[in-house]
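Contents: one structure, followed by commentary.
As the structure lists them, so they are numbered: ligands from 1, and atoms in each ligand from 1.
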Amino acid sequence: MPIREIVKIGTPSLRERSRELTEAELKDPALAALVEDLLETMQAAGGVGLAAPQIGENVRAVVLDVQPNARYPHIEAAGRLVLVNPVLTPLSAAREEDWEGCLSIDNLRGRVPRWKDLAVNYRLPGGERRSMEAHGFLARAIQHECDHLDGILWVDRLEDTRSLTQLAEFQRYVLPGLMNPPAE
Ligand code: NI
């Protein structure tokens with residue numbers, strides 16, 4: 001299974017709504033192969049999530065592997081997920097703001113508001129129906145990836161552009177505070 005090229009902001013297909021996988025496609029080995037490519041490409045790039053349109057396939061499938069790594073040393077581990085035809089429902093009105101970046105937008109981070117608590121209904125490759133709840137950073141990562149399926153990027157959701165930070169400056173000015181939060 002090959003590592004695929006990641007589609008970057010400015011590519012028109014990244015701004016399209018991706019289509020649902022059909023019942024026949026859910027059972028097709030081609031979907032399992034696509035998911036393998038997504039997982040491999042995400043791992044090679046050091047991401048915590050990747051959506052199919054980011055490798056040039058405009059279908060509703062995303063993968064996540066939420067655990068601390070070089071790009072996100074400050075997050076809590078939540079494990080690996082494959083979400084096909086996901087449907088997200090906020091569980092409360094609570095929202096919170098936190099840092100995000102994206103493999104399709106090089107070198108940039110910013111603070112994005114997201115639902116804090118989420119119900120997720122989705123399918124697995126093969127067709128099985130699943131549902132789960134997600135909270136905090138995992139809920140954030142799922143919302144970010146599923147936004148890709150509607151052609152939405154995190155920069156579209158910024159409420160204050162003054163948080164925009166290049167990666168080196170994020171590591172210099174922001175990360176130390178995230179790794180060693182001040183006692184309250
Ligand atoms: Ni992204």
Side-chain angles (χ1 to χ4, degrees), residues 3-21 34-88 90 95-116 118 120 122 134-161 163-171 174-175 178:
I3 291 170
R4 307 270 288 264
E5 189 181 335
I6 294 177
V7 172
K8 302 290 181 174
I9 185 171
T11 305
S13 63
L14 204 57
R15 293 310 205 157
E16 287 170 12
R17 185 188 184 279
S18 294
R19 65 174 182 81
E20 276 79 15
L21 278 301
L34 170 64
V35 165
E36 281 307 309
D37 285 3
L38 280 169
L39 288 166
E40 267 191 57
T41 305
M42 172 183 69
Q43 269 162 4
V48 297
L50 193 65
Q54 291 181 279
I55 61 169
E57 308 278 351
N58 281 91
V59 293
R60 300 183 83 79
V62 308
V63 299
L64 295 113
D65 191 6
V66 173
Q67 55 179 311
N69 67 17
R71 291 181 79 243
Y72 293 92
H74 59 288
I75 63 172
E76 266 180 50
R80 180 183 276 198
L81 280 171
V82 176
L83 309 177
V84 180
N85 293 348
V87 177
L88 310 187
R95 283 153 66 87
E96 64 186 354
E97 211 178 68
D98 203 351
W99 294 98
E100 291 187 26
C102 180
L103 294 174
S104 293
I105 306 172
D106 290 339
N107 204 26
L108 203 61
R109 296 268 168 100
R111 290 179 67 79
V112 182
R114 298 284 187 186
W115 301 112
K116 217 171 152 181
L118 212 60
V120 188
Y122 61 101
H135 309 277
F137 189 85
L138 177 62
R140 169 173 302 278
I142 290 171
Q143 287 167 86
H144 175 117
E145 296 315 325
C146 292
D147 263 357
H148 278 295
L149 305 181
D150 293 322
I152 297 167
L153 301 174
W154 68 262
V155 288
D156 306 335
R157 295 206 182 270
L158 282 172
E159 284 178 356
D160 185 349
T161 52
S163 73
L164 285 172
T165 304
Q166 294 204 113
L167 198 51
E169 284 68 26
F170 178 85
Q171 283 158 352
V174 179
L175 198 54
L178 298 178

[X] with [Y]: basic N within carboxylate O range, under 4.0 Å:
| X | Y | answer |
| --- | --- | --- |
| D160 | R111 | no |
| D98 | R109 | no |
| E100 | R157 | no |

Whether R15 side chain and G151 backbone form a donor-acceptor pair below 3.5 Å: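 Answer holds: yes.
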
Taking the side chain as everything from C-beta on, heavy atoms only, tell me whether Q54 gets closer than 4.5 Å to L14.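 When only atoms from C-beta onward are counted, L14 and Q54 do touch, with a gap below 4.5 Å.
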
I want to check something: taking the side chain as every heavy atom from C-beta on, are L88 and W115 in contact at a cut-off of under 4.5 Å?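 A side-chain contact under 4.5 Å is absent here.
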
Taking 2.8 Å as the upper limit, name the protein N, O or S atoms near the Ni ion (ligand 1).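 Checking every protein N, O and S atom gives C102 SG, H144 NE2, H148 NE2.
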
